[in-house]
Amino acid sequence: MLRIEDYALIGDEQTAALVGTDGSVDWLCLPRFDSAACFARLLGDESNGHWRIAPPGQERCARRAYREDSLILDTVWETPDGAVQVTDLMPQRHTAPDLVRIVQGLSGEVTVRSTLRLRFDYGSVVPWVRREDGHRVAVAGPDSAWLRSVPEVHTWGEDLGTHSEFTVKKGERVAFVLTWHPSHEPRPALIDPYASLRHSLKDWQAWASRCRYRGPHRDMVIRSLITLKALTYRPTGGIVAAPTTSLPEEPGGVRNWDYRFCWLRDSTLTLTALLAAGYVEEAEAWRNWLLRAVAGDPADLQIMYGLAGERRLPEFELPWLAGFNGATPVRVGNDAVKQLQLDVYGEVVDSLALARRAGLSAQPDVWALQSVLLDFLRTAWRQPDEGLWEVRGGRRHFVHSKVMVWVAVDRLVRALEEYPELDGDLDGWRELRDEVHREVREKGYDPERNTFTQSYGSRELDAALLLIPRVGFLPPDDPRVLGTIDAIRTELGQDGLVRRYTADAAELDGLPGQEGAFLACAFWLVDALHMTGRTQEARELFERLLGLANDVGLLAEEYDTVNGRLLGNFPQAFSHIGLVNSALALFGDEEAG
Ligand SMILES: OC[C@H]1O[C@H](O[C@H]2O[C@H](CO)[C@@H](O)[C@H](O)[C@H]2O)[C@H](O)[C@@H](O)[C@@H]1O
């Protein structure tokens, strides 16, 4: 069984696949990120669908890497007979999604085997496979997939799979292309896999070269930005939190969630990181997505949406999948969609303010949106909510949520002050801003321990409070900020990293079991340390965090400090956002070009 860190990501900005160190594509949802998977070995076994290309008898590749600044993965195999490279990519889509796998001999003469098991509907449906014009065509219900190779190699059916075995000498190439399309439509136009490889490389390099960051660890920053871009659903501008579902937050545990949706929180933070690195177009596309997604009554604002702004994301389980390393249930959909999370208003309004400052074209709808969101918040801010950790154990007055309410009102006040042409009740908003600030200081702060707390009146802590200085709620040198950072390090620290919260998990989040250290929180600690003048410590922690990324620079949501393993959905936007923001905070001023 592979570990989470054994996977690398490829994708076409509409969906993504995970390729293991054993040469197997074990996760692929077609045609969109949130469609049913046709390869689900990641959450089950080979019978749930996968596509392995490797020399027979070899378990693990010798090495692998992304080709320069791209999302093209080169995996190298060394055998007693010579070496071979498999290059995996999903080219920019014209009509249909294509998965391209190019085998190239590097030395000697190597035998290579391809084993394809397509299992539509999350690994549950075995398609009928026929031969047509030298292609293998798999059909089941709404799905159809075509497999061909250039040059053509012999394929045969066995064990409910499609197999081929061939040899390549140095310089020889065999390209496989798997193309999906709706089964009722004619086969889409064929792509040239070699031309696709060239174009894809050129496109990614051109995109990466626009990155403004020139400081240390630039390769990791670029990899994070490419990953964030890969999580963007190009047709609509929506951004998914991760391309996977149900990679567990606890080995063998039940904390398994579907992240293939657009959280307003995760996507606004992604937008902020992309903007800071110089990517304005993506920010504009996302802002337009937002305007469409949230159109309607502000009271109906959801904390997350589907890729095109869909509102219903019902959560259910897939009992036929055994789960990653036995972690069940495997869930599809996410019930957190129904929650109230007040922080989202602050994140949205803050990101729109940043976008305005970054010069994004002014749109009358943007101001209208902020005004209605704030009108809703004017009374709603007094309610308890589920908070940014999306607890399932009942609502509370989360301090981070109220701080983010303050952010929303503060950014509105500043906009009214800065742009006299905007219309709004400036005095009323100033009063509300002061009131929220006062209430948080009075009810969300424990003077005995000199720390802000997770919720009003509680003694528990919350790593989200590390964001207090960053969002400007209090200055970094305020004793309450310093006390909170120290308390969080003492009480939530885990082997130098940070847990989200300590509260008795079952009582707070309504779930049994524990979870790992939350990587985004560790990046927030980096930022907090840096802001409070402890830059050396911040840099040391940042470098440690870089070391937790896998061999191709990818991070999951959490880290298991006991077993030294990545945990949770993968790769996770939240973690890569943290990496980009911390790099910019630590080194941006001195090194940015
Ligand atoms: O662990 C409990 C919750 O976990 C998920 O939420 C987390 O992921 C979200 C997407 O990255 C992020 O926005 C949120 O802050 C995280 O807590 C899951 O989606 C929830 O359903 C679950 O309750």
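For ligands, and for the atoms within them, numbers begin at 1 and follow the listed sequence.
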Heavy-atom nearest neighbour in the protein, as seen from [atom], with distance rounded to 0.1 Å:
{"atom": "atom 18 (C) of ligand 1", "answer": "Glu390 OE1, 3.3 Å"}
{"atom": "atom 22 (C) of ligand 1", "answer": "Trp257 CE2, 3.6 Å"}
{"atom": "atom 14 (C) of ligand 1", "answer": "Leu388 O, 3.2 Å"}

When the aromatic ring centroids of Tyr279 and Trp207 are compared, is their separation below 6.0 Å?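 Between Trp207 and Tyr279, which both carry aromatic rings, the centre distance is below 6.0 Å.
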Glu543 and His217: side chain donor to acceptor below 3.5 Å: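 Indeed, the side chains of Glu543 and His217 share at least one donor-acceptor pair under 3.5 Å.
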For ligand 1, which atoms sit closer than 4.0 Å to a heavy atom of [X]?
{"X": "Gln572", "result": "11 (O)"}
{"X": "Ala336", "result": "21 (O)"}
{"X": "Trp389", "result": "2 (C), 3 (C), 15 (O), 17 (O)"}
{"X": "Glu249", "result": "1 (O), 4 (O)"}
{"X": "Ala241", "result": "10 (C), 11 (O)"}
{"X": "Tyr259", "result": "4 (O), 5 (C), 6 (O), 7 (C), 8 (O), 11 (O), 18 (C), 19 (O)"}

In a check of ring-ring contact (aromatic ring centres under 6.0 Å, His included) between Phe518 and each of Phe523, Trp389, Tyr559, which one passes? Trp389
Heavy-atom distances under 4.0 Å decide this one: backbone, side chain, both or neither, for Glu515 against ligand 1?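 It is neither part, as no heavy atom is under 4.0 Å.
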Check Trp263 against ligand 1 and report side chain, backbone, both or neither, counting heavy atoms closer than 4.0 Å. side chain
Select the closest option to atom 21 (O) of ligand 1 among Arg331, Glu558, Arg392, judged by heavy-atom distance. Arg392
Heavy-atom proximity to atom 10 (C) of ligand 1, best of Asp266, Thr245, Val240, Ile303: Asp266
Would you call Arg331-Asp258 a salt bridge at under 4.0 Å N-O? no
CD-CD distance between Glu515 and Glu250, expressed to the nearest 0.5 angstrom: 9.0 Å
So is there a nitrogen or oxygen of Leu511 less than 3.5 Å from a nitrogen or oxygen in ligand 1?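 Looking only at distances, the answer is no, because the N/O contact criterion of under 3.5 Å is not met.
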Is the shortest N/O to N/O distance between Arg265 and ligand 1 below 3.5 Å? yes
Parallel under 30°, tilted from 30 to 60°, perpendicular over 60°: which one fits the rings of [X] and [Y]?
{"X": "Trp289", "Y": "Tyr305", "result": "perpendicular"}
{"X": "Trp263", "Y": "Tyr259", "result": "perpendicular"}
{"X": "His397", "Y": "Tyr456", "result": "parallel"}

Flag this pair as yes if the NZ/CZ of Arg41 is under 6.0 angstrom from the six-membered ring centre of Trp27 and inside a 45 degree cone about the axis; otherwise no.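 That pair does not qualify as a cation-pi contact.
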Return yes when [X] approaches ligand 1 closer than 4.0 angstrom through a heavy atom, no otherwise.
{"X": "Glu557", "value": "yes"}
{"X": "Arg500", "value": "yes"}
{"X": "Asp509", "value": "no"}

Check: Val348 main-chain N/O paired with Arg411 side-chain donor or acceptor under 3.5 Å: no
Between Tyr7 and the options Asn550, Thr21, Asp26, the side chain to side chain donor-acceptor pair (under 3.5 Å) test singles out Asp26
